[in-house]
Amino acid sequence: MAVDAEQQLRAYVEYFRDLGIHDFYRRGEPGAIEAAEVIAAVSSASPQPPPIVLEPAPVLVAASAPHHPQEGVIPKPFSFNDLAPVPQVRVAVSARPGALQAIRDEIADCTRCPLAYAGRRNIVFGEGDASARLMFVGEGPGADEDASGRPFVGKAGQLLNNMIAAMGLQREEVYIANIVKCRPPANRVPEPVEANTCAQFLVKQIDVVQPEVVVALGSTAATYLLGVKQSLASLRGHWHSCRGAKLAVTYHPAFLLRDPRQKGEAWKDLQRVMAEMGLKAPAKK
Ligand code: URA
């Protein structure tokens, strides 16, 4: 496939993924989408995605969950609430920075999943206020994050910074983490075994920080935090729960960079979060 066509196809696959559509079908299967169809639609120069109707995606299975695959049986998905009981005794505010450092020390030079061998340069643990009221969770580090060891420092990170500022907050006041802490090669979506292996650490980070609200950025974060594989459209606009916090779902900033028309919708999601937290947007200059 020509490089341009491949890039266009990748962009369209990402577009569908951001809409919560993960599963395409192999050549010849009923409802199959041929790559050629997608490329033809792309090259018709329409700014809209091609009008392809996909079937509902099957549910996700957590690798850490006991599971005995049987043909035709869809196992129950596992959410972050299911992965471990929420601790009865909560970490005191003064102990939280040290508790986060202990989690980082436990991760060490992690080789628990294949991402350790996929060209990772730095583990991106997460950063921010150890007692943040608000936590953002993205998908996984990209090239800039891998190089710096910090979450959301590239172009998507700049947009996330703007979103945080529009909420009247500073980046240092929130906590920012990802579903996986190592960069998936070529920025692909983390595989379930990678996300599920890494989940144990994000669970602990959430339990230490104890945010009031978690915002899942995009469908990968929503899928793993909630243990459901549904469209963003069906998850946005509702309050979900995550380890004692309220959880809201919104678009991933990288998606908003690709489709800025959805920024207004994302702002509606953030305004619901602000209302819940009693935050006021800063006065316009
Ligand atoms: N995208 C993510 O999901 N996370 C990052 O840290 C950067 C980009």
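For ligands, and for the atoms within them, numbers begin at 1 and follow the listed sequence. Predicted model, so just to flag it, every value in this text is computed and none were measured.
For atom 4 (N) of ligand 1, the nearest non-hydrogen atom of the protein is N178 OD1, 2.8 Å.
Transitive grouping of hydrophobic side chains (ILVMFWY, heavy atoms separated by less than 4.5 Å) keeps V153 and I123 in distinct clusters. Connection of L225 to V124 is not established within any shared hydrophobic cluster, with ILVMFWY side chains joined at heavy-atom distances below 4.5 Å, either directly or through further cluster members.
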> Given V137 and Y175, is the side-chain contact (heavy atoms from CB on, under 4.5 Å) satisfied, shown in steps?
Replying inline: CA-CA 9 Å; V137 177; Y175 196 87; over 6 Å; no
>> If you apply the rule side chain to side chain donor-acceptor pair (under 3.5 Å), what do you find for N162 with Q158, and how did you get there?
In response: CA-CA 6 Å; N162 293 344; Q158 282 165 22; over 6 Å; no
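For atom 1 (N) of ligand 1, the choice among K181, H252, E139 with the nearest heavy atom turns out to be H252.
The distance from ligand 1 to the heavy atoms of G138 drops below 4.0 Å at these ligand atoms: 3 (O).
Between A156 and ligand 1, no pair of N/O atoms sits closer than 3.5 Å. In terms of polar-atom proximity, defined here as any N/O pair under 3.5 Å, P151 makes no such contact with ligand 1.
For the ligand labelled ligand 1, residue G140 lies inside the 4.0 Å heavy-atom shell. Ligand 1 is never approached by R150 to a heavy-atom distance shorter than 4.0 Å.
Exactly one of E212, Q210, E173 qualifies for a side-chain hydrogen bond (donor to acceptor under 3.5 Å, both in side chains) with R133. That residue is E212.
Within 6.0 Å of atom CD in Q170, 12 or fewer heavy atoms from other residues, nucleotides or ligands are found, so the atom counts as exposed in its surroundings.
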